[in-house]
Student: 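First, the structure itself, so that you have it in front of you.
All of these numbers come straight from a predicted model, not from anything done at the bench. When a ligand or atom number is given, it counts from 1 through the structure's own listing order. Values below: every heavy atom of this structure, side chains too, minus hydrogens, waters and symmetry copies.
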Amino acid sequence: MASTHRIAVIPGDGIGQEVCPPAREVLDAVGARHDVTFSYREFDWSCARYQREGAMMPEDGLDQLRPFDAIFLGAVGAPGVPDHISLWGLLIPIRRGFRQYVNLRPIKVFEGVPSPLRTATAGEVDLVVVRENVEGEYSEVGGRYGRGFPEEMAIQEAVFTRAGITRIADYAFELATRRAGQLTSATKSNGIVHTMPFWDQVVTERAAAYPTVSWNAEHIDALAAKLVLDPARFDVIVASNLFGDILSDLAAALAGSIGMAPAANINPEREFPSMFEPVHGSAPDIAGRGVANPIGAIWTAAMMLEHLGHPAAAAEVTAAIAGVLAKTDIRTPDLGGSATTTEFTTAVLQFLGA
Ligand code: NAI
Ligand code: MG
C-alpha cells in the first residue's frame, strides 16, 4: 500500500550538513521500491542560527515539529558555541518535550571493517544499547552557590523515577525477547547508594514479566572492561542516561568508527514524533571536506524506516551498507580509505538497485 511520511530534517552544523543528503537519497531510493514517499521540510536550527539570532531554535520550535511523523537530525555543535548551549538549546528540549525516553543504539561489526579489537569479529558482535534518555544524571535539578567566593560549590542531583526506570526496563526486556533473549543492566549500586539500588530493584521487579530473557546486573566499570574483552557476549544492554551515553560511544568505537553508529530517540507510545540522529557529532576537524562517513546517518535512516512501519525497506538499507563493506574496498578516510561521502553513498545506492 502506498504511504507517505512527513519528515522534519534538521541538518545542524558541520558534517551534519554533509550526512543528511546521503540519508535522504537512500530513503528516496528504497522508498521508490516499496511505494513509500517522504516529504521533507528542512529547518536551519543550529549553532550558526544561535550565532545569528541568539537561539538554537525558535521559541515555538516544538510546536513546529509536532505535526511531523519523524525528525531526522544530522549533528549540532560548533567551535565558539559552548556545547551545553547546543545540547540544552535543541537536542534535550526535543528529547524531553516529546518524551523520547528510549535512546536506541545498535552496534555491529561488519565484514570488511576491522575492529581495533582482536576479539571482535563480524557476525559475532551484534548488540544494542538501550539508554534512558530523559532523566537520570542529566537533570536540571541543582545549582551553583557562592559564585566567585572560595566556598563556591555546585550541586547536581540525579533524578530516577519508578515510572522512568519501569518504562525503559520494559522496552529493553521486550527488545531482548525479539533478539537473543539476553539482557545486561548497567549499575553502580556499590558506589552510588540511593539511585542505583533503586534502579536495580525496579529492573528486578520488571524482569519477572519476561521469563524467557536471561539477565544480570553488572557494575558499569566492570561492564566497560568486559565490553572490550568479550563484546560478542552482549545482546541488549540497558543503562541510565550517563552510563548509556558513555557505553554506546565505547561500543561504537569497537565496531570500527564512530562515524558508523546510528541512534534513535524513541517515544514508544507515539504521542509525539521520534527523532533519528547518528551518534557522532558535527566533527569540525573534518567538516567541509566532503569526506564524512555517511554510514551512521544512512543506518539511522534505516531505523527510521523500521519505526515508520517499513521493516523490509529498512533491512534492504542495512544489507546495502553491509554489501558495500563486504564486496568492495570503498571506504571513507575514517575507515582507512580515500572515498568521499558521495562516492560511498553512490555505492550504497547501486547495491540498493537504485
Ligand atoms: P564528533 O563525533 O563530532 O567527532 C569525534 C571524532 O570522530 C572526530 O575526529 C571526527 O572527525 C570523527 N568523526 C565523527 N563522525 C564522523 C564521520 N561521520 N565520519 C568520519 N569521522 C567522523 O565528536 P566531538 O569532536 O567530541 O564533538 C564535536 C562537536 O559535536 C561538539 O560541538 C559536540 O558538542 C558536538 N556533538 C554533537 C552531537 C549531536 O549532535 N548529537 C553528539 C556528539 C557531539
Ligand atoms: Mg555521546
Side-chain angles (χ1 to χ4, degrees), residues 9-23 26 43-51 56-57 71-96 100 103-105 107 110 113 116 129 131 133-134 138 241-242 244-266 274-301 303 321 324-325 330-345 348:
V9 181
I10 308 173
D13 301 295
I15 67 166
Q17 298 275 348
E18 299 168 37
V19 297
C20 281
V26 168
F43 295 84
D44 69 349
W45 306 348
S46 57
C47 288
R49 184 184 189 278
Y50 175 82
Q51 279 164 328
M56 295 291 296
M57 67 175 167
I71 303 157
F72 194 94
L73 186 134
V76 291
V81 176
D83 285 340
H84 71 266
I85 296 216
S86 44
L87 197 61
W88 285 87
L90 184 69
L91 293 181
I92 290 194
I94 295 174
R95 290 174 182 168
R96 295 196 178 191
Q100 295 164 349
N103 188 274
L104 199 59
R105 298 184 161 185
I107 290 108
F110 286 94
V113 182
V129 177
R131 165 187 171 191
N133 209 26
V134 296
Y138 294 4
N241 211 333
L242 174 65
D245 191 8
I246 299 170
L247 274 187
S248 55
D249 273 33
L250 170 69
L254 297 185
S257 164
I258 193 173
M260 295 175 60
N265 303 278
I266 297 178
S274 292
M275 176 164 66
F276 298 82
E277 49 165 337
V279 169
H280 66 74
S282 55
D285 54 337
I286 59 161
R289 307 214 320 257
V291 296
N293 189 338
I295 294 178
I298 294 172
W299 189 355
T300 296
M303 293 181 80
I321 296 170
V324 175
L325 293 173
I330 303 170
R331 302 280 186 278
T332 45
D334 57 310
L335 294 177
S338 58
T340 63
T341 309
T342 308
E343 284 162 354
F344 192 90
T345 306
V348 172

Student: Are I10 and M57 close enough that some pair of their side-chain heavy atoms sits under 4.5 Å apart?
Tutor: no

Student: Taking salt bridge (Lys or Arg N to Asp or Glu O under 4.0 Å) as the definition, give me every residue that meets it alongside E277, ordered by chain and number, with sequence neighbours left out.
Tutor: R95

Student: Restricting to non-hydrogen atoms, name the atom on V9 and the atom on C20 that form the minimum distance, rounded to 0.1 Å.
Tutor: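 Distance-wise, the nearest heavy atoms are CG1-SG, 4.3 Å.
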
Student: Out of I15, L73, D13, indicate the one that has the non-hydrogen atom closest to atom 16 (C) of ligand 1.
Tutor: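 Closest candidate by heavy-atom distance is I15.
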
Student: For L91, counting its heavy atoms only, list the atoms of ligand 1 lying under 4.0 Å from any of them.
Tutor: 39 (C), 40 (O), 41 (N)

Student: May I have the step-by-step check of side chain to side chain contact (heavy atoms under 4.5 Å, CB included) for V26 and V348, ending in yes or no?
Tutor: CA-CA 8 Å; V26 168; V348 172; 4.1 Å; yes

Student: Which of the atoms of ligand 1 are close to P284, meaning less than 4.0 Å from one of its heavy atoms?
Tutor: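 Those qualifying, in numeric order: 28 (C).
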
Student: Just distances here: any N/O of V291 and N/O of ligand 1 closer than 3.5 Å?
Tutor: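 In fact, backbone or side chain, V291 has no N or O that close.
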
Student: Would you name the heavy atoms of P294 and T332 that are closest together and state the gap between them?
Tutor: CD-CG2, 4.1 Å

Student: If you count the atoms of ligand 1 from 1 in the order shown, which ones are under 4.0 Å from a heavy atom of A292?
Tutor: 19 (N)

Student: Between ligand 1 and A78, can you find any atom pair, the residue atom being a heavy atom, that is separated by under 4.0 Å?
Tutor: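 In this structure, A78 qualifies as a contact of ligand 1 - some heavy atom is under 4.0 Å.
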
Student: I286 heavy atoms, cut-off 4.0 Å: which ligand 1 atoms fall inside?
Tutor: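 Reading through ligand 1 atom by atom, the close ones are 11 (O), 20 (C), 21 (N).
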
Student: Is ligand 1 under 4.0 Å from a heavy atom in the side chain of D334, in the backbone, in both, or in neither?
Tutor: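 Looking at D334 and ligand 1, just side chain atoms fall under 4.0 Å.
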
Student: Stepwise, does the side chain to side chain contact (heavy atoms under 4.5 Å, CB included) test hold for L325 with M260?
Tutor: CA-CA 11 Å; L325 293 173; M260 295 175 60; 4.2 Å; yes

Student: Are R105 and D245 close enough for a salt bridge, meaning some N to O gap below 4.0 Å?
Tutor: yes

Student: Pull out every atom of ligand 1 sitting under 4.0 Å from any heavy atom of A75, numbered as shown with elements.
Tutor: 40 (O)

Student: Please determine whether any non-hydrogen atom of G296 lies less than 4.0 Å from an atom of ligand 1.
Tutor: no

Student: The criterion is side-chain hydrogen bond (donor to acceptor under 3.5 Å, both in side chains); which residues satisfy it with Y50, sequence neighbours excluded?
Tutor: none

Student: Would R49 and F43 count as a side chain to side chain contact (heavy atoms under 4.5 Å, CB included) if you check the C-alpha gap in whole Å, the side-chain angles of each, and the deciding distance to 0.1 Å?
Tutor: CA-CA 10 Å; R49 184 184 189 278; F43 295 84; over 6 Å; no

Student: Does ligand 1 have a heavy atom under 4.0 Å from the side chain of V76, from its backbone, from both, or from neither?
Tutor: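 The answer is both.
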
Student: Under 4.0 angstrom from ligand 1, any heavy atom of L87?
Tutor: no

Student: Report yes or no: does T332 have a heavy atom closer than 4.0 Å to ligand 1?
Tutor: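 Contact absent.
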
Student: Quick one: which ligand 1 atoms are inside 4.0 Å of a heavy atom on V279?
Tutor: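 The list of qualifying atoms is 42 (C).
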
Student: Determine, considering heavy atoms only, which of G77, S282, S46 sits nearest to atom 30 (O) of ligand 1.
Tutor: S282

Student: Going by the order shown, which atoms of ligand 1 are within less than 4.0 Å of some heavy atom of D83?
Tutor: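 Heavy-atom distances to D83 below 4.0 Å select 31 (C), 32 (O), 33 (C), 34 (O).
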
Student: Between N265 and I94, is there a side-chain heavy-atom distance shorter than 4.5 Å?
Tutor: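 No. Closest side-chain heavy atoms not under 4.5 Å.
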
Student: Could you walk me through whether D13 and V76 pass side chain to side chain contact (heavy atoms under 4.5 Å, CB included), step by step?
Tutor: CA-CA 5 Å; D13 301 295; V76 291; 3.7 Å; yes

Student: Evaluate E277 for polar contact with ligand 1, using N/O atom pairs at a separation under 3.5 Å.
Tutor: yes

Student: Can you find an N/O atom of I258 closer than 3.5 Å to an N/O atom of ligand 1?
Tutor: no

